[in-house]
Amino acid sequence: MPKKSVAVLDIRSSEVTALVGERGVNGTFIIKSKFTCPYEGYAEGELLDVNDFQSAVKQAVNNALTSVNVKVKAFYIGVPDEFVKVINTDKTISFSASKKVKQSDVSALTKFSEPEGEQGYSLIYTGHQYYVLSDKRKTVNPVGVFSDSLRGKLCFYYGKVAFLECVINAFKSFKSINELKFVPSNHAQAMYILPEDKRDQYAILLDIGFISSTYSVVCGNGIAYSEAFSVGAGHIAVYLMGELEIPYEVAIKLIKQINLSCADRVNQIIEERFEGENYTFSATVVREKVREGLDGLCEMIEECRQNYTGVNLDGKTLFVTGDCVNYINGTVQHLSERLGKNVEIIAPALPYYDRPQYSSLFSLLHTALN
């Protein structure tokens, strides 16, 4: 496989995407092959159907590989936050005198700072928020700077072993692939789609998926806090299904017709036909039920905000991304009104792929190429 090309597997809560790509010009990418396969998803830190998941992975990877004329030996795997625990440390090493900091010093601090981890989890990735020099200056790269000590706010990402092994087993049928590199998805997203100046002053990133969403507090080049919760666009459909006593397939279609930002016309009716039966409802009733469902997402966001006690984030913009940000029209405005804060959609700055549903995929590709 050419050095400039990489292969990645993006795992969302309703589908997996395998992609082989390389760096283009002006920060763009060249997509050599890409294939997406749906599956049952995950919730509460567990895959809903292991066999279905592994089958989807195999299908996506196989189709992506057969479309390119390169030999792939390694795959970068994006690990969803449902299967990741991040542990932050804050430790300092001292030198006998002021010296130019070397990479070996950074490595020594990292080794000194590594926590014991948790049972059932394995270290998959190491990062940092920032480093502090002896004169109290903060930096994300201390190499080459003079200091007589080095303090590091480091991030250690641990993946759930059961999930990692499930992925490894899915790749066993591909004999040419001999290396899997696991990357925490929320870390990759934060480093790629959030501007550095936003991260330096703390930023909040919300990734809304179909079944699972992730709330992350980003600082510098790392994640200060993250929490995944099993609420997404699919749950809104389930709520609508129960409230209106309709099939799930009808609920999915109904919520796509609603725009929370627009007032309904008087006596406006929306209708769907499924398996020979017509389902007719007042647009106002459906819209209010969708709002009620989204309020559950707002409650989880507020709970995450309260759980993080590091710094006051009340005035911070909530950046939202993910494949289900635009699933329900008007979601962002509703979140802003309910939470009482500024909410902005953020996505990759890429031609044709400048939409939030592509954030995790191209963030993973960017990380792999780096």
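One-based numbering along the sequence shown.
Annotation: Gln201, atom CD; neighbour count of heavy atoms from other residues, nucleotides and ligands within 6.0 Å does not exceed 12.
Val132 and Leu154 fall into different hydrophobic clusters, defined by Ile, Leu, Val, Met, Phe, Trp and Tyr side-chain heavy atoms under 4.5 Å apart, directly or through other members.
A ring-ring contact (aromatic ring centres under 6.0 Å, His included) check over residues 21-49, counting only residues at least two apart or in different chains, returns the pairs Phe29-Phe362, Tyr39-Phe53, Tyr42-Phe83. The salt bridge (charged side-chain N to carboxylate O under 4.0 Å, His left out) contacts involving residues 180-200 comprise Glu179-Lys181, where partners must be two or more places apart or lie in separate chains. Listed by first and then second residue, the salt bridge (charged side-chain N to carboxylate O under 4.0 Å, His left out) pairs involving residues 122-140 are Asp135-Arg137 (not counting sequence neighbours).
With 3.5 Å as the limit, one finds a donor-acceptor pair spanning the side chains of Glu22 and Ser5. Between the side chains of Gln54 and Asp52, not a single donor N or O lies within less than 3.5 Å of an accepting N or O.
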Might you work through the side-chain hydrogen bond (donor to acceptor under 3.5 Å, both in side chains) test for Ser261 and Gln333, ending with a clear yes or no? CA-CA 7 Å; Ser261 302; Gln333 181 177 334; 2.9 Å; yes
Ser226 and Ser216: CA distance, side-chain angles, deciding distance, side-chain hydrogen bond (donor to acceptor under 3.5 Å, both in side chains) verdict: CA-CA 4 Å; Ser226 70; Ser216 302; 5.0 Å; no
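Partner Val6 forms a side chain to side chain contact (heavy atoms under 4.5 Å, CB included) with one of Thr367, Leu365, Val72, Leu364 and no other, that one being Leu365.
Using bins of under 30°, 30° to 60° and over 60° for the plane-to-plane angle, the ring pair Tyr308/Tyr225 lands in the tilted bin.
Checking side-chain atoms of Thr66 against main-chain N and O of Asn62 turns up a donor-acceptor pair under 3.5 Å. Looking only at distances, a side-chain donor or acceptor of His128 sits under 3.5 Å from a matching main-chain atom of Val140.
For the pair Lys99 and Phe95, the cation-pi criterion (under 6.0 Å, within 45° of the ring axis) is fulfilled.
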